[in-house]
Amino acid sequence: MAYINENYQKLTGSYLFREIAHRVADYKEKHPAANVISLGIGDVTQPLPPASIAAMHKAVDEMADAKTFRGYGPEQGYGFLIKKIIENNFHDLGIAPDEVFISDGAKSDCGNIQEIFSEKAKIAITDPVYPVYLDTNVMAGRTGKLQKNGHFDGVVYLSCTAENDFMPELPKEHVDIIYLCSPNNPTGMAMTREALAKWVAYAHENESVILFDAAYQAFITEDDLPRSIFEIEGARDVAIEFRSFSKTAGFTGTRCGYIVLPKSVQGRSADGTKKSLNPLWNRRHTTKYNGTSYIIQRGAEAIFTPEGKKETAATIAYYLENAHIIREGLESIGITAYGGVNAPYIWLKVPQELSSWDFFDKLLEEANIVGTPGAGFGPCGEGYFRLTAFGERENTKLAITRLKEKLRL
Ligand SMILES: *Cc1c(COP(=O)(O)O)cnc(C)c1O
């Protein structure tokens with residue numbers, strides 16, 4: 001009999017969304033006439049930009065002709081897409097084409113990147129957190145067991161609550177790898193230039209590497225917020241950035257993302273010599289991945305055309321207007337809400353000192369609205385609740401009207 005990877009036994013099941021589905025199904029069974037609206041979805045709902053659709057149709061036609069057919073492409077991605085990414089998103093930031101790696105999305109990249117680090121590397125994650133960073137490190141054996149307080153042994157947790165404006169504070173101890181996500185899922189808050197600069201300075205002093213998840217970058221509206229960590233001086237030596245077309249342009253089902261890994265980012269080998277991380281990732285990526293589909297990369301490239309930019313901006317604006325409607329609605333009934341300005345997530349403070357699961361039940365029963373309990377993203381999410389702006393406008397409006405009329409506060 002083959003022995004299994006014991007580390008998998010340390011993981012808890014994907015309890016959160018199963019439990020939500022269970023409670024919703026239970027409610028619907030008892031109240032078949034109820035029109036339950038979900039403001040819990042973490043997936044986009046609006047179609048792909050027409051510019052991408054046209055580019056993908058064209059690419060399909062190329063595949064139909066032996067003269068233009070393409071088989072395996074470069075594992076790192078086609079030059080045409082990498083060029084557009086650098087010109088549009090990293091202009092003047094000194095990023096070279098061989099520092100960009102195209103993938104099938106940021107989830108894979110955020111999950112896979114830990115493979116190029118030592119199993120002894122000490123990781124820091126925020127609490128609450130997007131679960132992928134933590135779970136992939138648990139699987140790799142970089143943590144101990146889950147403790148009663150909901151934290152894994154051997155991991156440094158950085159709490160993000162209203163008390164610190166949802167900006168993680170520097171750890172008291174040394175850490176090797178730091179996962180930061182801004183704009184943040186689930187809190188909807190974006191890190192300021194100053195906050196990010198503190199982390200870059202910490203990484204320089206401690207020889208740490210920052211893994212910066214910028215999947216929601218396209219939602220940033222405030223002028224003074226950094227769009228990329230590489231806008232921060234010195235970040236080119238200590239940071240890896242993750243980007244995705246999923247939330248930017250509706251590619252959640254189409255799949256395309258990328259990682260930016262400057263050659264100047266280094267780690268140490270066991271004998272103490274400094275090694276650039278870029279060749280390690282290149283080795284990993286080209287060994288385990290055979291490239292994102294040509295058709296999809298053409299679709300992604302089209303986002304950078306004038307029409308593509310206009311179309312994606314309109315969709316983002318649509319979601320942000322939903323976020324605005326949700327946030328205003330909450331505030332009008334005295335609920336404190338965060339986020340929703342530079343992100344499609346609204347993170348609300350649960351009223352009446354309820355637990356986030358009790359508030360889930362209350363919202364479902366009184367207003368027939370489904371959201372996500374903050375406790376599902378980590379112990380510091382207790383007392384908070386996530387609503388998303390990815391729904392249809394009419395449903396979002398209806399949900400907020402109901403919230404105002406029906407929720408008993
Ligand atoms: C949605 C999301 C991603 C992106 O996932 P893809 O695999 O690119 O679809 C990455 N990080 C966070 C925090 C997300 O919420």
Side-chain angles (χ1 to χ4, degrees), residues 106 110 122-134 150-151 155-206 208-235 238-243 247 320 323 327 330-331 336-350 356 372 374-387:
C110 292
K122 184 103 179 167
I123 68 155
I125 60 159
T126 57
D127 174 8
V129 75
Y130 178 60
V132 177
Y133 319 141
L134 177 64
H151 284 168
V155 176
V156 173
Y157 287 83
L158 313 163
S159 62
C160 294
T161 60
E163 284 68 50
N164 60 16
D165 234 0
F166 304 95
M167 298 292 146
E169 278 152 37
L170 299 176
K172 306 268 180 300
E173 61 209 286
H174 168 91
V175 297
D176 300 303
I177 302 171
I178 302 141
Y179 288 86
L180 296 177
C181 176
S182 177
N184 192 268
N185 176 10
T187 69
M189 298 291 275
M191 286 178 84
T192 60
R193 213 169 275 281
E194 297 69 40
L196 211 45
K198 251 181 17 186
W199 280 99
V200 170
Y202 174 92
H204 270 277
E205 278 160 33
N206 289 273
S208 328
V209 175
I210 298 172
L211 305 177
F212 188 71
D213 185 348
Y216 295 95
Q217 175 274 342
F219 287 85
I220 297 178
T221 57
E222 292 178 319
D223 284 341
D224 48 348
L225 293 175
R227 265 60 180 171
S228 162
I229 194 169
F230 299 118
E231 288 176 31
I232 309 297
E233 205 178 317
V238 295
I240 301 174
E241 184 160 313
F242 301 86
R243 292 275 188 114
K247 317 304 177 358
L320 284 173
R327 195 165 155 161
L330 289 167
E331 284 168 353
T336 307
Y338 305 93
V341 176
N342 300 296
Y345 298 115
I346 291 92
W347 189 242
L348 65 93
K349 186 87 191 77
V350 172
S356 54
T372 315
F377 299 99
C380 284
E382 181 55 275
Y384 295 92
F385 199 82
R386 192 188 77 172
L387 295 177

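For reference, positions follow the sequence shown, starting with 1. Predicted, not measured: the structure shown is a model, and the values here were computed from it.
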Ignoring hydrogens, what is the shortest heavy-atom contact between Ala323 and Gly340? Give both atom names and the distance.
CB-O, 3.3 Å
With Asn184, which residues qualify under side-chain contact (heavy atoms from CB on, under 4.5 Å), at least two apart?
Cys181, Pro186, Thr187
Phe242 side chain reached by Leu211 side chain, heavy atoms, under 4.5 Å
yes
Heavy-atom pair with the smallest gap, counting every atom of Met167 and Cys160
C-SG, 4.4 Å
Is it true that a side-chain atom of Thr126 and a backbone atom of Val129 form a donor plus acceptor pair closer than 3.5 Å?
no
The criterion is side chain to side chain donor-acceptor pair (under 3.5 Å); which residues satisfy it with Glu163, sequence neighbours excluded?
Thr161
Looking at residues at least two apart in the chain, or sitting in another chain, which of them share a side-chain contact (heavy atoms from CB on, under 4.5 Å) with Ala190?
Ser182, Pro183, Leu225, Asn342
Side-chain heavy-atom pair Phe219, Thr221 within 4.5 angstrom cut-off
no
For Ile210 and Ile229, run side chain to side chain contact (heavy atoms under 4.5 Å, CB included): C-alpha distance rounded to whole Å, both residues' side-chain angles, the deciding distance at 0.1 Å, then the answer.
CA-CA 9 Å; Ile210 298 172; Ile229 194 169; 3.9 Å; yes
For Arg243, the salt bridge (charged side-chain N to carboxylate O under 4.0 Å, His left out) test, sequence neighbours excluded, returns Glu241
Measuring from atom CZ of Phe212 to atom CD of Gln217, what distance do you get when rounded to the nearest 0.5 angstrom?
9.0 Å
So NE2 of His174 and OH of Tyr202: to nearest 0.5 Å the spacing works out to 6.0 Å
Can you list the residues that meet the side chain to side chain donor-acceptor pair (under 3.5 Å) rule with Glu205, with sequence neighbours excluded?
none
Separation between CG (Asn206) and CD1 (Ile178), nearest 0.5 Å, reads 7.5 Å
Nearest-0.5 Å distance, OG1 of residue Thr336 to CD of residue Glu331:
8.0 Å
Holding to side-chain contact (heavy atoms from CB on, under 4.5 Å), I want the full list of residues that pass it with Ala218, two or more places apart in sequence or in another chain.
Thr248, Ile316
Evaluate the side chain to side chain contact (heavy atoms under 4.5 Å, CB included) criterion for residues Val209 and Val238: first the C-alpha distance (whole Å), next the side-chain angles of each, then the deciding distance (0.1 Å), finally the verdict.
CA-CA 5 Å; Val209 175; Val238 295; over 6 Å; no
Using only atom types and a distance under 3.5 Å, with no angle test, would you say the side chain of Arg386 pairs donor to acceptor with the backbone of Ile346?
no
So is Lys349 actually on top of Tyr338's ring, under 6.0 Å and inside 45° of the axis?
no
Who passes ring-ring contact (aromatic ring centres under 6.0 Å, His included) against Phe230, sequence neighbours left out?
none
Contact list for residues 182-204, test salt bridge (charged side-chain N to carboxylate O under 4.0 Å, His left out), sequence neighbours left out:
Arg193-Glu231
Which pair of non-hydrogen atoms, one from Ile232 and one from Ala197, has the smallest distance, and what is that distance?
CG2-CA, 3.7 Å
Rounded to the nearest 0.5 Å, what separation is found between the CG atom of Leu134 and the CD1 atom of Ile123?
6.0 Å
Residue list, side-chain contact (heavy atoms from CB on, under 4.5 Å) with Lys122, at least two apart or on another chain:
Val156, Glu173, Val175, Asp176
Non-hydrogen atoms of Asp127 and Gly381 that approach each other most closely:
OD1-N, 4.1 Å
Compare all side-chain heavy atoms of Ile220 with those of Arg227 and state whether any distance is below 4.5 angstrom.
yes
Derivation and outcome, side chain to side chain contact (heavy atoms under 4.5 Å, CB included), residues Ser159 and Asn164
CA-CA 8 Å; Ser159 62; Asn164 60 16; 4.3 Å; yes
Considering all heavy atoms, the nearest Tyr179-Cys110 contact:
CE2-O, 4.1 Å
Of Tyr157, Phe166, Trp347, the one forming a side chain to side chain contact (heavy atoms under 4.5 Å, CB included) with Pro128 is Trp347
Residues forming a ring-ring contact (aromatic ring centres under 6.0 Å, His included) with Tyr216, sequence neighbours excluded
Tyr345
Applying side chain to side chain contact (heavy atoms under 4.5 Å, CB included), run through Leu158 and Ile125 and close with a yes or a no.
CA-CA 6 Å; Leu158 313 163; Ile125 60 159; over 6 Å; no
Find the distance between CG (Asp213) and CD1 (Ile240) and round it off to the nearest 0.5 Å.
12.5 Å
